[in-house]
Amino acid sequence: MRRIFGTAAVLLSAMLTLSACGGGGSSGGNPLDTTSASAAPSGSAPASGGGTAIVGSFNFPESVLLGSIYAQALKAKGVNVTEKPNIGSREVIYSQVKSGGLTILPEYNGALLFFVDPKSTAASMEQVNGELKSKLPAELEILDSSPAQDNDSLTVTKATADQYKLTSIEDLAKVSKNMAVGGPPEFKKRREQQFKDVYGLEFKEWKPTGDTTADAIKDGTVQAGNVFTTDPKIIINNMVSLKDPKNVFSAQNVTPLVNKAATNDTIKTTLNAVSAKLTTETLTQMMQKISVDKDDPATVAKDWLTTNGLL
């Protein structure tokens, strides 16, 4: 999740993606079109007097869930919220938060720091957030990080781990040339050189497996893959997430990224209250409901908020 591209490529990608993205609501228009607010889910308090906010999310299910949690919590506090889910990658969305086209984005602090400064070696939550606060542009700020983490991992089947005696990413160096590796479409560009420099990995092939990476590992389409550690398929399929002793993947605490000028005290207080309640265990449980049980993310979000007294 932590990547950065050249400015020209990012801008071109953003223009193309935003013009084609269908994640902006039932109208199918530009996902950053802010002409109308999303309707509040049944049972939410009506928006009044709490300001306005545009909540976006990345193009994967967990981010959509987190965006819905943020949006529903804010609506319950009277904030007039427009939801823009499933927009695209960080390369597409970051500039929109900076410009104010989006107000709030559920982020992962380590991934965000890597995007801002790919040379950073910060690993702990405290180190990562300290650097973010000094390196983010003046238009942006992070709010409180939650205890919940969703780390990147390189994951393999138990059979592969047993066959090659793999316990850490470092162990892959002896076999990676014979392996295909999967992940998000941007995974190769973001990680290939870093894996080579830090761990000496050179994979035979990089495949864009996206949200189906765990399935691709299971069926042998790839032998290793970038799977988020809250993906319940890791446990269900008895997979092994390899240890990362050299901290290529740093802390990944769920952390709201906001446009400073567009964020008021009600928004900050509400999102900080959400962060205080969110844990890795509950995030994993919610993702199992979405990924395995096929429950609707907005419904899962509402249930969690209600259980935790935030609606």
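Source: prediction; values computed, not measured.
Cluster annotation: Leu143 and Leu140 are assigned to the same hydrophobic cluster (Ile/Leu/Val/Met/Phe/Trp/Tyr, side-chain heavy-atom contacts under 4.5 Å, transitive). Cluster annotation: Val116 and Met125 are assigned to distinct hydrophobic clusters (Ile/Leu/Val/Met/Phe/Trp/Tyr, side-chain heavy-atom contacts under 4.5 Å, transitive). Two different hydrophobic clusters hold Leu271 and Val64 under the rule that ILVMFWY side chains link at heavy-atom gaps under 4.5 Å. Cluster annotation: Leu305 and Val300 are assigned to the same hydrophobic cluster (Ile/Leu/Val/Met/Phe/Trp/Tyr, side-chain heavy-atom contacts under 4.5 Å, transitive).
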- Message: Under the criterion side chain to side chain contact (heavy atoms under 4.5 Å, CB included), I'd like the reasoning laid out for Leu278 against Leu66: C-alpha separation, chi angles, the key distance, then a yes or no.
- Response: CA-CA 10 Å; Leu278 192 63; Leu66 292 167; 3.7 Å; yes
- After noting the C-alpha distance and the side-chain angles of Leu283 and Leu65, does the key distance pass the side chain to side chain contact (heavy atoms under 4.5 Å, CB included) rule? CA-CA 9 Å; Leu283 183 57; Leu65 167 68; 4.1 Å; yes
- Message: Between Ser89 and Glu186, is the side-chain hydrogen bond (donor to acceptor under 3.5 Å, both in side chains) condition met? List the steps.
- Response: CA-CA 9 Å; Ser89 67; Glu186 62 274 10; 5.0 Å; no
- Does the side chain to side chain contact (heavy atoms under 4.5 Å, CB included) test come out yes or no for Leu105 and Ile93, once each step is laid out? CA-CA 9 Å; Leu105 177 67; Ile93 302 179; 3.8 Å; yes
- Item | Test side chain to side chain contact (heavy atoms under 4.5 Å, CB included) applied to Met287 and Thr284, step by step | CA-CA 5 Å; Met287 284 308 302; Thr284 303; 5.7 Å; no
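We find the NZ-CG distance between Lys77 and Leu310 to be 8.0 Å, quoted to the nearest 0.5 Å. Atom CG of residue Leu166 and atom OG1 of residue Thr160 lie 7.5 Å apart, to the nearest 0.5 angstrom. Atom-to-atom distance recorded for Ser63:OG and Glu107:CD is 8.0 Å, nearest 0.5 angstrom. Atoms CG and CD, from Leu201 and Glu192 in turn, are 10.5 Å apart once rounded to the nearest 0.5 Å.
The environment of NZ in Lys174 is crowded: more than 12 heavy-atom neighbours from other residues, nucleotides or ligands sit within 6.0 Å.
Between the side chain of Asn259 and the main chain of Leu102, no donor-acceptor pair closer than 3.5 Å is present. A donor-acceptor pair under 3.5 Å is absent between the side-chain atoms of Asn247 and the main chain of Ser250, judged by distance alone. Side-chain atoms of Gln72 come within 3.5 Å of backbone N or O of Ala298 as a donor-acceptor pair. Here the side chain of Ser99 pairs a donor or acceptor atom with the backbone of Gln96 at under 3.5 angstrom. Here the side chain of Lys294 pairs a donor or acceptor atom with the backbone of Ser291 at under 3.5 angstrom. Counting only distance, with no hydrogens or angles, the side chain of Ser275 and the backbone of Asp144 share a donor-acceptor pair below 3.5 Å. A donor-acceptor pair is defined here as one N or O able to donate and one able to accept, closer than 3.5 Å; such a pair exists between the side chain of Thr280 and the backbone of Gln149. Side-chain atoms of Gln252 come within 3.5 Å of backbone N or O of Ala111 as a donor-acceptor pair.
Across every non-hydrogen atom of Lys218 and Thr157, the tightest pair is CA-CG2, 4.4 Å. Closest of all the heavy-atom pairs between Phe249 and Asp244 is N-OD2, 2.6 Å. Ile87 and Gly56 get closest at one heavy-atom pair: CD1-CA, 4.2 Å. Annotation for Ile69 and Trp304: closest pair CG2-CZ3, 3.8 Å, computed over non-hydrogen atoms. Scanning all heavy atoms of the two residues, the minimum distance from Asn86 to Ser57 falls at N-OG, 2.9 Å. Closest non-hydrogen pair, Val181 versus Leu154, comes out as CG2-CD2, 4.0 Å.
Taking 4.0 Å as the cut-off between side-chain N and carboxylate O, Glu91 and Lys189 do not count as a salt-bridged pair.
At least one test fails for Arg191 against the ring of Tyr199: distance under 6.0 Å to the centre or angle within 45° of the axis.
Val175 is listed as a side-chain neighbour of Leu172, based on a closest heavy-atom distance under 4.5 Å. Annotation: side chain of Thr155 is not in contact with side chain of Thr229 (no heavy-atom distance under 4.5 Å). In this structure, Lys204 and Asn178 have side chains that are not in contact, with every pair of non-hydrogen atoms separated by 4.5 Å or more. Looking at heavy atoms from C-beta onward, Asp150 lies in side-chain contact with Tyr108 at the 4.5 angstrom threshold. For the pair Val240/Asp162, no side-chain contact is recorded, criterion being any heavy-atom separation below 4.5 Å from C-beta on. Side chains of Ile142 and Lys133 form a contact here, defined as non-hydrogen atoms less than 4.5 Å apart. Between Leu136 and Glu141 the shortest side-chain heavy-atom distance does not fall below 4.5 Å. Taking the side chain as every heavy atom from C-beta outward, Glu62 and Phe228 never approach each other to under 4.5 Å.
Val227 shares a hydrophobic cluster with Ile217, Val222, Ile234, Met239; the chain of contacts runs through ILVMFWY side chains whose heavy atoms sit under 4.5 Å apart. Side-chain heavy-atom separations under 4.5 angstrom define the hydrophobic clusters, and the remaining members of the one that includes Val292 are Ile236.
Pairs engaging residues 61-95 under the ring-ring contact (aromatic ring centres under 6.0 Å, His included) rule: Tyr94-Phe115 [sequence neighbours left out].
The aromatic rings of Phe58 and Phe60 lie parallel to each other, with less than 30° between the two planes, well short of the 60° mark.
By the side chain to side chain contact (heavy atoms under 4.5 Å, CB included) test, Thr212 is found to be paired with Thr209, Asp215, residues two or more places apart in sequence or in another chain being considered. Residues passing the salt bridge (charged side-chain N to carboxylate O under 4.0 Å, His left out) test with Lys260: none are found, sequence neighbours excluded. Judged as a side chain to side chain contact (heavy atoms under 4.5 Å, CB included), and not counting sequence neighbours, the contacts of Gln223 are Met179, Ala180.
At a cut-off of 3.5 Å, with distance as the only test, no side-chain donor of Ser153 or Asn151 sits close to an acceptor on the other residue. With 3.5 Å as the limit, one finds no donor-acceptor pair spanning the side chains of Thr255 and Asn129.
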